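Residue numbers begin at 1 in each chain, while the letters A, B, ... track the order of the sequences. Note that this is a predicted model, so its numbers are computed, not measured.
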There are 4 protein chains.
Amino acid sequence: MRTREGNKEKDILNAAVEIFAKFGYHNSKIYQIAQEASVATGSVYVYYKNKEDLLHKIFEMLWSRLYIELKKVSEITELTSLEKLDAMVDLYLDVFAENPALALVFVNEQIQASRNQTRFTKYYEKFLDLAEKSLTEGQLRGEIIANLDMMIYRQFIFGALRNLIHRWAESPEEFSLGRIRRNFKLFIKNGIVQK
Amino acid sequence: MRTREGNKEKDILNAAVEIFAKFGYHNSKIYQIAQEASVATGSVYVYYKNKEDLLHKIFEMLWSRLYIELKKVSEITELTSLEKLDAMVDLYLDVFAENPALALVFVNEQIQASRNQTRFTKYYEKFLDLAEKSLTEGQLRGEIIANLDMMIYRQFIFGALRNLIHRWAESPEEFSLGRIRRNFKLFIKNGIVQK
Amino acid sequence: MRTREGNKEKDILNAAVEIFAKFGYHNSKIYQIAQEASVATGSVYVYYKNKEDLLHKIFEMLWSRLYIELKKVSEITELTSLEKLDAMVDLYLDVFAENPALALVFVNEQIQASRNQTRFTKYYEKFLDLAEKSLTEGQLRGEIIANLDMMIYRQFIFGALRNLIHRWAESPEEFSLGRIRRNFKLFIKNGIVQK
Amino acid sequence: MRTREGNKEKDILNAAVEIFAKFGYHNSKIYQIAQEASVATGSVYVYYKNKEDLLHKIFEMLWSRLYIELKKVSEITELTSLEKLDAMVDLYLDVFAENPALALVFVNEQIQASRNQTRFTKYYEKFLDLAEKSLTEGQLRGEIIANLDMMIYRQFIFGALRNLIHRWAESPEEFSLGRIRRNFKLFIKNGIVQK
DNA sequence: AATGAATGAGTTTTCATTCAT
DNA sequence: TATGAATGAAAACTCATTCAT
């Protein structure tokens with residue numbers, strides 16, 4: 001619970017992030033969110049249509065941020081495709097860095113958020129498409145192996161990154177973001193085989 | 001004693017897997033599971049304490065199978081550590097290969113299954129520990145790079161694998177297991193950089 | 001649970017007395033009674049129509065015993081009416097003396113037993129009627145005060161006796177039957193005023 | 001805030017008294033109570049934790065009233081101990097006089113109310129202790145026989161009174177409170193023996 | 001007669017959502 | 001807007017009773 005200047009709509013969404021992160025979407029009660037936001041239960045419904053809407057708004061906010069950032073990165077022409085890949089990992093981690101609760105909701109409730117709602121699948125695909133584009137450029141330039149199964153690869157790195165963020169959000173002291181950042185970039189590029 | 005034509009206990013568990021996979025744990029109703037298993041609602045409670053127990057039994061069955069298989073693989077002395085890593089990926093995929101619904105439950109409900117239940121976290125850690133052991137051997141033999149952050153790496157591959165299984169379970173025709181199998185092994189070992 | 005020679009019907013009824021005494025009628029489960037009687041759940045229904053029937057049979061057995069004993073006492077012509085009153089108290093206590101569990105069921109479940117069943121009210125009235133007859137004789141003989149409101153008085157002593165039996169059944173070491181017997185007889189006859 | 005025309009909390013408790021009196025605690029359904037109180041089923045749970053809580057609140061209210069009244073009586077120094085005893089009988093009857101349903105619940109559900117709850121046993125004991133104190137004073141002043149087994153006696157009169165209240169509540173026209181009041185006081189003090 | 005697995009009607013309780021103020 | 005009391009639909013779970021063997 002926080003003292004606030006008066007942006008109830010934002011307060012409620014932040015509260016929802018905290019509560020969803022703590023108990024999971026289905027175990028969270030609207031009155032808990034209201035309490036966390038220091039508003040009355042009914043006020044939640046002034047700003048949000050229903051419980052599901054809260055979750056959707058969280059994902060919407062998140063995906064649009066991710067997409068905007070990614071767009072920026074993908075448009076920096078000075079970067080090699082491998083540098084772009086690194087930059088994408090960074091932006092991804094940066095979005096969550098300030099807010100572990102948000103990371104937990106993102107990781108744990110993605111399935112629930114997608115149910116009855118194809119919007120996020122699209123966002124998600126758009127995001128991966130953009131990432132893929134950079135990689136394809138890298139192949140043309142000979143920086144990346146030519147016979148890369150992109151469809152598998154993008155799910156590969158996305159899953160790996162998601163799981164590491166999950167670990168970090170659960171125990172930030174054990175899995176520091178810096179350590180994740182450094183190693184992740186190595187793994188996806190070079191693998192682990194001793195040459 | 002009434003007839004017991006089939007194995008109701010098993011039927012109910014299989015039905016639960018189907019229903020959980022389709023709707024998610026929280027959106028699944030006991031009567032749906034009963035119906036799917038062609039038994040009365042009350043019969044579910046003859047064999048299982050409650051809804052959560054159903055989920056736990058599914059995970060128990062799964063993890064014990066995974067662990068047994070992994071143990072076997074890790075004890076084959078003839079394999080190099082990289083071959084072992086491949087074998088582990090295979091066994092993991094093989095467990096789910098016959099049952100996409102099971103894969104979906106495993107991937108989507110892990111968090112719910114762990115709540116109020118530390119048992120599975122242990123299984124999971126035991127599994128990763130065993131995998132890690134093989135990798136450490138590989139480092140000693142010079143097959144794997146020495147400066148590998150194992151703690152990050154094991155979460156890296158586990159997350160990647162989980163996500164790929166998820167994609168496959170959702171659309172097996174798009175993401176065939178063979179394709180996943182082949183590419184995954186390449187990625188984790190060699191990365192994607194053109195040398 | 002006991003080992004028995006083979007009178008299942010009786011075993012089940014005794015088991016019901018124990019379980020009803022321990023948990024109360026409504027909190028008792030048929031399977032508990034079956035277990036206590038070392039029979040299968042279904043066997044209870046071989047001998048008794050349903051749960052309520054068990055309770056009715058217990059009360060039936062009890063009231064018929066009480067009534068038979070009372071009849072005997074009331075027919076002993078050598079006794080004064082005050083001696084008869086004492087004898088009645090004794091027979092009442094004697095019926096329960098050997099079986100505290102039975103006493104508890106009798107005291108606690110009387111209301112439930114009477115619901116949907118007027119039979120016991122009749123027994124009960126018959127019992128009190130017979131007791132009343134002895135008292136009326138006593139009035140004629142001048143042993144008992146003439147202006148006694150019998151209708152109130154009989155409920156008075158019945159309630160008092162019931163409560164004392166209850167106390168005894170709950171903690172026999174604190175409220176011994178002998179002590180109850182002795183004092184009860186004094187109270188109903190002489191009161192407590194110092195003359 | 002929605003209108004609160006009456007006092008719903010009190011309405012529900014009163015409704016519970018009526019329904020419990022009519023059907024018994026275990027045969028009463030929450031929706032019956034809600035209906036009797038003209039509220040929705042869920043509203044019962046706004047004011048009371050669960051069904052058992054309703055019963056507890058009834059007993060709490062009752063015992064505290066009884067105890068307060070008793071305290072008052074016991075502190076009137078002008079009364080002899082026998083007069084105090086009479087006054088106690090009066091207060092006891094007065095509490096129920098206006099509400100037969102309450103009397104029935106008090107008499108019939110005491111055992112259920114005590115289960116999982118020692119609070120009421122304490123109230124009950126405190127009540128009897130206070131009554132006992134008055135009697136002991138009477139013994140010192142020579143108003144009451146010295147060799148009175150108080151432990152038995154207090155259970156004796158309590159049981160008798162309870163049963164008479166029960167009869168009255170069931171059929172007030174047959175057992176008028178006035179008649180009970182008058183006779184009860186005679187019985188406990190003087191017994192029935194013609195001197 | 002005896003069994004105990006199977007049944008499903010019946011009830012409590014929860015909680016997202018509404019709405020009068 | 002903001003409130004929070006009131007709602008009632010929905011679901012998990014219980015357990016007396018049945019019945020095929």
Side-chain angles (χ1 to χ4, degrees), chain A residues 6 8-9 12 26-35 37-54, chain B residues 1-5 7-9 11-12 26-35 37-54, chain C residues 6 8-9 12 26-35 37-54, chain D residues 1-5 7-9 11-12 26-35 37-54:
Chain A
K8 286 208 162 71
E9 185 168 359
I12 291 165
H26 281 103
N27 300 314
S28 298
K29 321 294 174 206
I30 294 291
Y31 66 76
Q32 291 177 312
I33 294 170
Q35 194 170 41
S38 306
V39 300
T41 304
S43 302
V44 174
Y45 289 85
V46 172
Y47 297 100
Y48 300 93
K49 196 168 159 262
N50 52 31
K51 192 179 172 183
E52 214 178 11
D53 188 34
L54 276 166
Chain B
M1 191 167 29
R2 251 181 225 186
T3 340
R4 201 200 241 258
E5 317 91 47
N7 186 339
K8 284 211 164 58
E9 185 169 359
D11 289 351
I12 292 165
H26 281 104
N27 299 314
S28 298
K29 317 299 169 204
I30 293 292
Y31 65 76
Q32 289 177 313
I33 294 170
Q35 196 168 38
S38 306
V39 299
T41 305
S43 300
V44 174
Y45 292 89
V46 172
Y47 297 100
Y48 302 93
K49 201 169 157 264
N50 52 32
K51 193 177 166 183
E52 212 178 13
D53 190 33
L54 274 166
Chain C
K8 287 209 161 72
E9 184 168 359
I12 292 166
H26 281 103
N27 300 313
S28 298
K29 321 294 172 206
I30 295 292
Y31 66 76
Q32 290 177 313
I33 294 170
Q35 194 170 41
S38 305
V39 299
T41 304
S43 302
V44 173
Y45 289 86
V46 173
Y47 298 100
Y48 301 93
K49 197 169 157 263
N50 53 31
K51 191 178 171 183
E52 213 177 13
D53 189 34
L54 275 166
Chain D
M1 188 165 35
R2 250 180 225 185
T3 339
R4 202 199 238 257
E5 317 92 47
N7 185 339
K8 284 211 163 58
E9 184 168 2
D11 290 350
I12 292 165
H26 281 103
N27 300 313
S28 298
K29 318 299 170 204
I30 294 290
Y31 65 74
Q32 289 177 314
I33 294 170
Q35 194 168 40
S38 306
V39 299
T41 305
S43 300
V44 174
Y45 291 87
V46 172
Y47 298 100
Y48 302 93
K49 201 169 158 262
N50 52 31
K51 192 175 167 184
E52 211 177 15
D53 189 33
L54 274 167

Using a heavy-atom cut-off of under 4.0 Å over every strand shown, decide if [X] touches base, sugar-phosphate, or nothing.
X: D:S38; result: nothing
X: A:Y47; result: sugar-phosphate
X: B:V44; result: nothing

With respect to the side chain of A:V46, which nucleotide from F:dT1, F:dA12, E:dA2 is positioned closest?
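Output: F:dT1.
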
Of the candidate nucleotides F:dA16, E:dT13, E:dT11, which contains the atom at the shortest distance from the side chain of C:I30?
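Of the options given, the side chain of C:I30 lies nearest F:dA16.
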
For [N] and [X] - does any side-chain N or O of the residue sit under 4.0 Å from the phosphate oxygens OP1/OP2?
X: D:T41; N: F:dG8; answer: no
X: C:K8; N: E:dA1; answer: no
X: D:Y45; N: E:dT14; answer: no

Please give, in whole Å, the distance from [N] [atom2] to [X] [atom1]?
X: B:K49; N: F:dC15; atom1: NZ; atom2: P; value: 13 Å
X: D:H26; N: F:dA16; atom1: NE2; atom2: P; value: 12 Å
X: C:N27; N: F:dT14; atom1: CG; atom2: P; value: 14 Å
X: C:I33; N: F:dT17; atom1: CD1; atom2: P; value: 11 Å
X: D:Y48; N: F:dA5; atom1: OH; atom2: P; value: 14 Å
X: A:K51; N: F:dA9; atom1: NZ; atom2: P; value: 20 Å

Residue pair C:I12 / C:V39, side-chain heavy-atom distance below 4.5 Å
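Contact flag for C:I12/C:V39 side chains = yes.
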
How long is the straight-line distance from OH of B:Y31 back to CD1 of B:I33, given to the nearest 0.5 Å?
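Separation between the atoms: 11.0 Å.
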
5'-most by nearest nucleotide on DNA chain F - C:Y31 or D:A40
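Between the two, 5'-proximity favours D:A40.
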
Of C:K29 and A:V39, whose nearest nucleotide on DNA chain F comes first from the 5' end?
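Result: A:V39.
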
Using a 3.5 Å distance criterion without hydrogens, assess whether the side chain of A:K51 forms a donor-acceptor pair with backbone atoms of A:S28.
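Pair found, side chain donor or acceptor close to backbone of A:S28.
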
Using Watson-Crick and G-U wobble pairs with both distances under 3.5 Å, what is the 5'-to-3' dot-bracket string of DNA chain E, with [ ] for crossing pairs and | for pairs outside the strand?
.||||||||||||||||||||

